[in-house]
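The block underneath contains the structure these notes are about, expressed in structure tokens.
Counting starts at 1 for both ligands and their atoms, following the listed order. What you see below is based on every heavy atom in this structure, not just the backbone, and it leaves out hydrogens, waters and symmetry mates.
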Amino acid sequence: MANNILIISDIHANLAALQAVVADFIAQAGQPSAVWCMGDIVDYGAEPNEIIALLQQYPTICVAGNHELAVLELEEVALFNPDARKSVTWTQQHLTSASLDYLRSLPRTITITTDNADFTLAHGSPRDPSWEYVLESEAAADNFLAMETTHGLIGHSHLPIYFKMIQMDNKHAGVGRAIGEHDDVLKVGNYQTRERLLVNPGGLGQPRNGDPRASYIIYDVESATMRYRRVAYDIKATQAKIRAAKLPERFAKRLERGT
Ligand code: ZN
């Protein structure tokens, strides 16, 4: 049986985007054998319970993002701007008790092993799962040192960005940085190779690299490849739900700009 894993992050309660991603994944790779999610499944959008229900239809493993932790009051909401605080309050008022139980069950990091490699899943970064934005090679290099696994998967910046570390010898390593464009393929290293990856699949429900399409990755375990995908979805439907819920307008507006 094919072993294809759906890798996603930062859904932010955007059901139309998640549905479009699942449909694209199935058209490309068949049913996912697993879903790996790096958190921020709720907040900003108006459909948090629907997202949790959809994720629970699949064998999903997911870590908590800073928005889950804010909703659960496990992190300081005062660090959020006023619109974001409004959204946290709205989400707290609308989550069912079953959804809250699901959010409470999410750990901050997960390590998982496949035939090719092992992975650390974290929202921000392996060394600071709740808050660090890994945007530059220096921060990535520090995280490669902090990780016990060969590879890492992150979210939080909503950017489809990846870092590759190549170990030249015992003392010297180089870290490169690139943006994953639609259909770009990354070769996943194995335990023998000296290449390691730290990969962000991009923002599924609120992309921020100027492309409004939902962003995700197909991980084909047999061929040891990860492929970036961008998928158009019904942005107007999601905006209408955000407006009907009286969530701050900026969370609707930014979806059409991909910022
Ligand atoms: Zn996020």
Neighbour count >12 (heavy atoms, 6.0 Å) for atom CD, Glu256: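 Yes, the 6.0 Å shell around CD holds more than 12 heavy atoms from other groups.
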The Zn ion (ligand 1) neighbourhood, protein N/O/S only, threshold under 2.8 Å: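 Near the Zn ion (ligand 1), the protein supplies Asp10 OD1, His12 NE2, Asp40 OD2, His158 NE2.
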Residue pairs, two or more places apart or on separate chains, that pass ring pair (Phe, Tyr, Trp, His ring centres under 6.0 Å) and touch residues 235-259: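 Listed once each, the pairs are Tyr44-Phe251.
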Selection residues 147-166 - residue pairs positive for ring pair (Phe, Tyr, Trp, His ring centres under 6.0 Å), sequence neighbours left out: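 Checked against ring pair (Phe, Tyr, Trp, His ring centres under 6.0 Å) - neighbours excluded - the pairs reaching residues 147-166 are His12-His158, Phe119-His151, His123-His156, Tyr133-His156.
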Selection residues 20-30 - residue pairs positive for salt bridge (charged side-chain N to carboxylate O under 4.0 Å, His left out), sequence neighbours left out: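 Non-adjacent pairs meeting salt bridge (charged side-chain N to carboxylate O under 4.0 Å, His left out): Asp24-Arg229.
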Side-chain donor/acceptor of Asn49 to backbone N/O of His94, under 3.5 Å: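 Yes, the answer is positive, given that a donor and an acceptor are paired below the 3.5 Å cut-off.
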Electrostatic pair Lys241:Glu50 at N-O distance under 4.0 angstrom: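 Result for this pair is no, no salt bridge flagged.
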